[in-house]
Asker: 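This is the structure, below, for whatever I ask next.
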Amino acid sequence: MPIDPTLLDDLEWRGLIAHSTDRDALREALDAGSVRFYVGFDPTAASLHMGHLVQVLTAKRLQQAGHTPFALVGGATGMIGDPRDSGERTLNSLDTVKEWTDRVRRQIEPFLSFEGPNAATMVNNYDWTASLSTIDFLRDVGKHFPVNRMLARDVVSRRLESGISYTEFSYVLLQSMDFLHLYRDFGVTLQFGGSDQWGNLTAGAELIRRAAGGKAHAFATPLLTKADGTKYGKTEGGALWLDADMLSPYAFYQFWLNVEDEKVGELLRVFTFLSRPEIEELEAQHTEKPFLRIGQRTLAEQVTTLVHGAEETERIKEASAALFGGGDLRGLSVQTLGAALREAGSVKVAAGTPLPSVVDLLVDTGLAKSKGEARRTIGEGGAYLNNDRIEDVDRVVAADDLIGGSWLVLRRGKKNFAGVEVG
RNA sequence: GGCAGGUUGCCCGAGCGGCCAAUGGGAGCGGACUGUAAAUCCGUCGGCUUUGCCUUCGAAGGUUCGAAUCCUUCACCUGCCA
């Protein structure tokens, strides 16, 4: 597989390199041939989210440019926990970590190619860490880590006030050991990760230098933030999960569709494989006519296709068009409407009398968290049945509210839809 | 080890015996305006069988007709002195 010499320029143009070790050395290495690189994912939840997606896609970019991926799942590091500002983590059980590790592995696999001369390899750091003896660990790895420098690391120094366990304090040693292990056994010489990983990345490169006298490279992707500087990747429900069971593909699509104007270009560069001319053209159109939201539409379509596939994305686009079309819902076919509502999220309710109240349905569909909230929403004029605002808090569904004899369209606010299938 | 102070709803932070589900700000949610954007303005913001009831103010006890507010013990945190 030929090496693409424009890779590093492309990554830089996309804004994917927030920090890096010696840039000239990195370029030289990338130009010289297929570089074996690794990126790690700790199983901190049952699914990866938006932040991880940056890394997964970056790995894919590197592979497409001819380099050789080693995707690491942190079966061992997930048992320990990377220190974070919000405080000490709760340890997860071995069973939980194992299950999450498997799920994370399965989420990563579709993005990489496991065939050809630069086929990807999946590794699990549990394999070389679990059986390591404490004595060996302290002698072979620990000896290379001056505590005074560990204490000076940003995350650690911030945590000294609030407290940090020896367990989390030691995390960097494990991750560094991973890099060293992959360097020794597979000739891996490049690691990248999120910018919050920068300290861990450089620690690994340094361990390779100290323990093996080798030369390794690292770079970090930037932390993505919203236009107001706050953290990204949050929806009403929580993180922007990639798992369809934890966040519906419809909600995933809607997230990207609703991205702020000033972020569209940045996100197109980071999260799509569109070429530079394509993205620049989109940005030009977006700047000229932002209200058409061409950037957001393209972004949502591209990213949802990458994560959930083209077929699902088509269905979501049709559903979104139906629900946001502004036309009369009764003008849609029952099939179209039903399909749209199933994408948006729907519940089934047994037919019969009496039909449920709107308050109950708002709770059942998850549009409201409690009956109090449901009542409040109606009182605020934010609840709609079949696109008609509900005025009466005690409103109960009537038989002729049913569209096509079986569907109700419930809406909270401007864009939270849910379907109710009666039957 | 000694002295002083703190722990309040998602977050920050008032309250210091009844009028407290608890001031104010932020986040969130809804409305208006829009482009399913941003900004702005307005409203809302524990739960329920909702003119009332239930559960909340670090934990457990106690005083009192009545406690977030007083007392005791415990846990954790912060300053000052060793």
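Please read these numbers as outputs of a predicted model, since none were measured by experiment. Chain A is the first sequence line, chain B the second, and so forth, proteins listed ahead of strands; every chain is numbered from 1.
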Asker: With RNA chain B as reference, determine whether Gly413(A) or Ala321(A) sits nearer its 5' end, using the nearest nucleotide of each.
Answerer: Gly413(A)
Asker: With P as the reference atom in both, quote the distance from rG2(B) to rU64(B) in angstrom, rounded to an integer.
Answerer: 33 Å
Asker: Could you list the residues that satisfy salt bridge (Lys or Arg N to Asp or Glu O under 4.0 Å) with Asp401(A), not counting sequence neighbours?
Answerer: Arg395(A)
Asker: Are any of the side-chain nitrogens in Glu280(A) or Arg276(A) under 4.0 Å away from the carboxylate oxygens of its partner?
Answerer: yes
Asker: Could you tell me whether Glu314(A) and Lys317(A) make a salt bridge, using a distance below 4.0 angstrom between a side-chain N and a carboxylate O?
Answerer: yes
Asker: Say you pick atom P in rC70(B) and the same atom in rA38(B); how far apart are they, in whole Å?
Answerer: 45 Å
Asker: Determine yes or no for a side-chain-to-main-chain donor-acceptor pair under 3.5 angstrom, with Arg293(A) supplying the side chain and Leu257(A) the backbone.
Answerer: yes
Asker: Can you check the distance between rC19(B) and rC3(B), where both ends of the measurement are the P atom (answer in whole Å)?
Answerer: 37 Å
Asker: Whole Å only: how far is the CD atom of Gln296(A) from the P atom of rG35(B)?
Answerer: 14 Å
Asker: Could you tell me the separation between the CZ atom of Arg293(A) and the C1' atom of rU36(B), rounded to a whole number of Å?
Answerer: 5 Å
Asker: Go through RNA chain B and write down every stem, that is, every run of at least three consecutive Watson-Crick or G-U wobble pairs with distances under 3.5 Å, as range with range.
Answerer: B:1-7 with B:75-81, B:10-12 with B:24-26, B:28-32 with B:40-44, B:46-48 with B:52-54, B:58-62 with B:70-74
Asker: Determine the interatomic distance between P on rG79(B) and the same-named atom on rG18(B); round to the nearest Å.
Answerer: 33 Å
Asker: Is any side-chain heavy atom of Val303(A) closer than 4.5 Å to a side-chain heavy atom of Phe255(A)?
Answerer: no
Asker: Considering only atom C1', compute the distance from rG9(B) to rU44(B) and round it to an integer number of Å.
Answerer: 16 Å
Asker: Between rA59(B) and rC12(B), how far apart are the P atoms? Round to whole Å, please.
Answerer: 16 Å
Asker: Could you tell me how far apart Lys289(A) (NZ) and rG35(B) (P) are, to the nearest whole angstrom?
Answerer: 14 Å
Asker: Grab the CH2-P distance between Trp256(A) and rA37(B) for me, whole Å please.
Answerer: 18 Å
Asker: Take atom CG of Leu362(A) and atom C1' of rG30(B), then tell me their distance rounded to the nearest Å.
Answerer: 12 Å
Asker: Can you tell me which residue among Glu281(A), Glu288(A), Glu283(A), Lys289(A) is in a side chain to side chain donor-acceptor pair (under 3.5 Å) with Gln285(A)?
Answerer: Glu281(A)
Asker: When you measure from the side-chain N and O atoms of Tyr250(A) to the phosphate of rU36(B), is any distance below 4.0 Å, counting only OP1 and OP2?
Answerer: no
Asker: So does Glu380(A) reach the base of rU44(B) with its side chain, donor to acceptor, closer than 3.5 Å?
Answerer: no
Asker: So, does Arg389(A) get its side chain near the phosphate of rA32(B), meaning an N or O under 4.0 Å from OP1 or OP2?
Answerer: yes
Asker: Which part of the nucleic acid does Tyr253(A) contact within heavy-atom distance under 4.0 Å: base, sugar-phosphate only, or nothing?
Answerer: nothing
Asker: What's the NZ-C1' distance between Lys263(A) and rU36(B), to the nearest Å?
Answerer: 20 Å
Asker: Can you measure Ile378(A) atom CD1 to rG43(B) atom C1' for me and round it to whole angstrom units?
Answerer: 16 Å
Asker: What string of B, S and - do you get for nucleotides 45-50 of chain B, 5' to 3', if B is base contact, S is sugar-phosphate-only contact and - is no contact with any protein heavy atom under 4.0 Å?
Answerer: S-SSSB
Asker: Between rG62(B) and rA67(B), how many Å separate the two C1' atoms, rounded to a whole number?
Answerer: 12 Å
Asker: Indicate yes or no for a side-chain donor-acceptor contact from Arg14(A) to the backbone of Thr272(A) under 3.5 Å, with no hydrogens or angles considered.
Answerer: yes
Asker: Do the non-hydrogen side-chain atoms of Leu16(A) and Arg61(A) ever get within less than 4.5 Å of each other?
Answerer: yes
Asker: Rounded to the nearest Å, what distance is computed from the CZ atom of residue Phe324(A) to the C1' atom of nucleotide rG35(B)?
Answerer: 12 Å
Asker: Using the C1' atom in both, what is the distance from rC20(B) to rG24(B), to the nearest Å?
Answerer: 15 Å
Asker: Is the shortest side-chain N to carboxylate O distance from Lys263(A) to Glu266(A) below 4.0 Å?
Answerer: yes
Asker: When the nearest nucleotide of RNA chain B is assigned to Gly382(A) and to Lys414(A) on a heavy-atom basis, which residue is associated with the more 5' position?
Answerer: Gly382(A)
Asker: With Thr6(A), which of Asp4(A), Asp9(A), Asp10(A) fulfils side chain to side chain donor-acceptor pair (under 3.5 Å)?
Answerer: Asp4(A)
Asker: Any donor and acceptor pair, going by atom type alone, linking the side chain of Arg297(A) with main-chain N or O of Leu292(A) inside 3.5 Å?
Answerer: yes
Asker: Counting only side-chain nitrogens and oxygens, does Asn416(A) get under 4.0 Å of the OP1 or OP2 atom of rG30(B)?
Answerer: yes
